[in-house]
Visitor: 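If you scroll down you'll find the structure; I have some questions about it.
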Amino acid sequence: MNKLPVMAGGKPVRDTYLIFGNPAIEQSEIDDVADSLKSGWLGTGPKVKRFETAFRDYARAKYAIAVNSCTAALHLSLLAIGLEPGDEVITTPMTFTATAAAVIHSGAKPVFADIDRQTMNISPDAAESRITEKTKAIVPVHFAGRPCDMQSIMRLSQHHGLKIVEDAAHAIETQAQGRKVGSIGDLTCFSFYVTKNIVTGEGGMVTTENCNYADRIKILALHGMTKDAWHRFSDEGFKHYQVIYPGFKYNMMDIQAAIGYNQLQRIEKYSIRREAVWQRYNESFKDLPVIMPSDDMLPGDRHARHLYTLLLKSEELKITRDQFMDALHKENIGTGVHYIALHLHPYYSEKYNLKRGMFPNAEYISDRTVSLPLSAKLTDDDVEDVIEAVHKILNYYAK
Ligand SMILES: *Cc1c(COP(=O)(O)O)cnc(C)c1O
């Protein structure tokens, strides 16, 4: 990172470092993991089943399959819909690389469509303008936990015969126009990575209403072995397995599911906490040279409050976004950038001949965005420290 012209100064706001995206881990998951370790059943077993059932009910979906990451969930979902080389899949450049990499690993080509500047989600109009004869699917990402306009996206799906695979890594609690994310598109992929709203360390889930997709994903996730393989180590007696596909090793372990199941019991409690932090940030940053996340939503929407993204009004500041992050770091506060738009990364830019200027709204966010800590683990003092540090730096470097 660049050196600051001058230090915002003096003693840091905090003595100890506030880690961005620190998970809240409580005693019940510690006990449940210990129980798995003592039982000797570490791999895929009854606790995975229990977590899948609980998550399926929470997502109001018919089927839920636990895997070892959201990246795996996306990869298997895109294989399940039967993509072929030459197919195109439309997605947003304002996402983590895993979204587009999963498209590539399933044999297809990612095609980006610009976002709406206010919602930071893929614009249905921009997506429609990128549909060709080769388009087979759209992968909307519910950015920061804000729902995409799923009614418009499902309409595109119907008019053009496209599959919808949702990247809901940020969106476990999200509802779009009255419908719970997890039962809207053909397949929905969730993440339980350490920074996400609930965690398993590494972990992910696919939900779907389609039993063929569910079966296929279960088989692909465990070496391409027939379904019974999931029970092959149980006490029901020996069973031969049959390999019907060169599969993957994407299954979730009971140790992970033990964490996830207990976390899921507290999802609404954590959500209330993040909502309170969000509102406190909103009221605290009103007079600063920043744009706060929009609170405009469609009727029936619910925001999962996964990321609080401030946009710096760079025209009114003497420091860049990266210098602002560096200054917060010196105040002992960790931040993140979600995201540098994918088309600006060397791989996507070179491989697909993409340039700055092609997705101006994504670039606008990419250049200005900073994510502040929003974990349910934050204490009131932590939140006030973040607010104080942001004020200290932005007041010092205001033009
Ligand atoms: C975290 C994240 C992923 C990847 O999730 P993993 O569980 O780490 O594989 C995919 N997409 C988005 C938008 C994410 O934020």
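We use all heavy atoms of the structure for the numbers below, so side chains are in, but hydrogens, waters and symmetry mates are not. In listed order, ligands and their atoms are each counted from 1.
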Visitor: How would you list all residue pairs meeting salt bridge (charged side-chain N to carboxylate O under 4.0 Å, His left out) that involve residues 365-374, not counting sequence neighbours?
Guide: Glu315-Arg368, Arg356-Asp367
Visitor: I'd like a table of the close N/O pairs between ligand 1 and the protein (anything under 3.5 Å), one pair per line with both atom names and the distance.
Guide:
from	atom 1	to	atom 2	distance (Å)
ligand 1	5 (O)	Ser191	OG	3.4
ligand 1	7 (O)	Cys70	N	2.9
ligand 1	7 (O)	Ser191	OG	2.7
ligand 1	9 (O)	Cys70	N	3.3
ligand 1	9 (O)	Thr71	N	2.9
ligand 1	9 (O)	Thr71	OG1	2.5
ligand 1	11 (N)	Asp167	OD1	3.4
ligand 1	11 (N)	Asp167	OD2	2.7
ligand 1	15 (O)	His170	NE2	2.7
ligand 1	15 (O)	Lys196	NZ	3.3
ligand 1	15 (O)	Tyr339	OH	3.0

Visitor: Going by ring-ring contact (aromatic ring centres under 6.0 Å, His included), name the residues that satisfy it together with Tyr270, two or more places apart in sequence or in a different chain.
Guide: none
Visitor: Which pairs with one or both residues in residues 358-389 pass ring pair (Phe, Tyr, Trp, His ring centres under 6.0 Å), sequence neighbours excluded?
Guide: His343-Phe359
Visitor: Please find out if less than 6.0 Å separates the ring center of His306 from that of Phe143.
Guide: no
Visitor: Answer whether the closest heavy-atom distance between the side chains of Lys313 and Val290 falls below 4.5 Å.
Guide: no
Visitor: Can the ring centroids of Phe55 and Tyr261 be said to lie less than 6.0 angstrom from one another?
Guide: no
